[in-house]
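Given the structure is predicted, the values throughout are model-derived calculations rather than measurements. The chains referred to below are lettered A, B, ... by the order of the sequence lines, with proteins before strands, and numbering in each begins at 1.
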2 protein chains.
Amino acid sequence: MSTREDKAHAMLAELKRSGLKLTPQRIAIVRELAGDETHPTAQDLFDRLRAAFPTMSFATVYNTLDALAAHSLVGSLRLRGARGAVRFDPNTSAHHHAVCDRCHAVVDLPAEPLDGATARRLGRQTGFLVSGEERTYRGLCARCADRSSA
Amino acid sequence: MSTREDKAHAMLAELKRSGLKLTPQRIAIVRELAGDETHPTAQDLFDRLRAAFPTMSFATVYNTLDALAAHSLVGSLRLRGARGAVRFDPNTSAHHHAVCDRCHAVVDLPAEPLDGATARRLGRQTGFLVSGEERTYRGLCARCADRSSA
DNA sequence: ATGAGTGCAAATGCTTTGCATCCTG
DNA sequence: CAGGATGCAAAGCATTTGCACTCAT
């Protein structure tokens with residue numbers, strides 16, 4: 001049923017398997033982030049968990065997010081324009097992003113992995129050993145587009 | 001001859017045309033940035049101009065970069081991983097970037113503008129009114145790739 | 001019990017702001 | 001000579017760090 005719970009469980013299992021401790025704070029952060037498609041900031045997560053963990057500190061949030069990132073269980077993205085906070089992404093499958101220029105909403109978009117021929121062509125053009133690709137489409141989300149034309 | 005000088009001149013002309021004042025600091029910043037393909041940070045530019053303008057402040061650098069950005073004469077990019085400074089880009093033609101995961105070098109890559117059919121398809125998938133695309137290829141630059149295999 | 005993890009607070013890095021002064025147009 | 005631009009310093013965010021204490025393993 002709950003894809004979100006499944007995802008949280010898988011993330012926690014992987015953390016445990018890597019020898020990291022499963023503290024109540026970590027479990028809560030992972031469960032909050034798993035299945036969250038809004039690409040929250042550390043501050044967002046901190047605010048949401050404040051009620052349940054009044055004494056939790058930013059250091060713990062960052063510590064957990066770093067640990068997740070180190071094990072490729074979350075991705076991160078930095079957006080232009082928006083205030084400068086990193087946004088975290090529990091979606092670990094190949095995907096791109098569409099970002100709203102007005103409200104800074106971010107949605108996922110499926111993507112094919114970078115193919116070898118393209119990587120080699122880029123390598124020829126740039127001298128780089130290209131290993132991955134990130135695309136950001138920008139524009140207006142449905143809600144903001146509506147507000148604009150109104 | 002000097003593409004760089006031409007570019008600086010064009011940028012300054014456009015600023016003037018927009019009613020902005022051409023101060024010695026602005027002229028120096030524009031000339032420093034024009035034709036610079038390294039995607040420097042505000043700090044980089046500040047450091048390079050320190051000798052010529054010992055009293056110049058960060059506020060002036062940011063002020064000028066903001067003015068240039070407001071008139072679409074420079075672009076900006078925020079990179080993951082790297083320390084969190086915005087990098088500025090005098091290249092205003094459609095292009096993408098390749099970023100070195102090790103040394104954070106950034107090189108430009110020509111790009112075709114986003115075609116209408118693709119934009120519409122993305123709109124169908126996301127609900128977005130898509131107006132642009134940014135691609136970041138990541139990997140290792142030639143120098144860092146060499147150092148790795150050594 | 002032991003060392004990884006936590007909380008707190010101070011520090012850091014990048015960027016912005018307020019305001020008095022200066023200088024371009 | 002008027003208002004935009006500059007310089008300086010302080011404030012503002014996002015994030016990191018140091019350290020004593022706690023708790024999951």
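Place B:Gly19 and B:Pro54 on DNA chain D by their nearest nucleotides, and B:Gly19 ends up nearer the 5' end.
In this structure, the separation between CG on B:Leu73 and OG on B:Ser18 is 7.5 Å, given to the nearest 0.5 Å. Taking CD1 from B:Ile29 and CG from B:Leu68, the interatomic distance works out to 8.0 Å, rounded to the nearest 0.5 Å.
Atom CG of A:Asp44 and atom P of D:dT15 are 10 Å apart (whole Å). When the C1' atom of C:dG5 is taken as reference, atom CG of A:Leu15 falls 13 Å away, rounded to whole Å. Rounded to an integer number of Å, the gap from CG of B:Leu65 to P of D:dA5 is 14 Å. Between A:Leu79 atom CG and D:dC13 atom P the separation is 19 Å, expressed in whole Å. One atom, CZ of A:Arg26, and another, C1' of C:dG7, lie 14 Å apart when rounded to the nearest Å. We find that CG of A:Leu49 is positioned 11 Å from P of C:dG7, with the value rounded to whole Å. We find that CZ of A:Arg50 is positioned 14 Å from C1' of C:dG7, with the value rounded to whole Å. The separation between B:Gln25 atom CD and D:dT6 atom P is 5 Å, rounded to whole Å.
Note on A:Thr60: a side-chain N or O is less than 4.0 Å away from OP1 or OP2 of C:dG7. In this model, the phosphate group of C:dG7 is approached by a side-chain N or O of A:Thr55 to a distance below 4.0 Å at OP1 or OP2.
Shown are B:Asp101, B:Val99, B:Thr136; of these, the side-chain contact (heavy atoms from CB on, under 4.5 Å) with B:Leu79 is made only by B:Val99.
At least one donor-acceptor pair closer than 3.5 Å links the side chain of A:Lys7 to the backbone N or O of A:Pro90.
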Discussion item. Assess the residue pair B:Asp66 and B:Thr64 against the criterion (side chain to side chain donor-acceptor pair (under 3.5 Å)); give the C-alpha distance rounded to whole Å, side-chain angles, the decisive distance to 0.1 Å, and a yes or no.
Written reply: CA-CA 5 Å; B:Asp66 287 349; B:Thr64 297; over 6 Å; no

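Pairs passing the ring-ring contact (aromatic ring centres under 6.0 Å, His included) check and including a residue from residues 21-42 of chain A, sequence neighbours excluded, read A:His39-A:His97.
In the helix from C:dA1-D:dT25 to C:dG25-D:dC1, the rotation axis of the first five pairs and that of the last five pairs differ in direction by 40°, rounded to 10 degrees.
B:Asp115 has no carboxylate O lying under 4.0 Å from a charged side-chain N of B:Arg120, or vice versa, which leaves the two without a salt bridge.
Between B:Ser72 and B:Thr92, the closest side-chain pair of non-hydrogen atoms is not below 4.5 Å.
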Worksheet entry | Base versus backbone protein contacts along nucleotides 14-25 of chain C [heavy-atom cut-off under 4.0 Å; B, S, -] | SSBB------BS

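Ring geometry for B:His96 against B:Tyr137 counts as perpendicular: the plane angle is over 60°, on a 0 to 90° scale with 30° as the lower cut.
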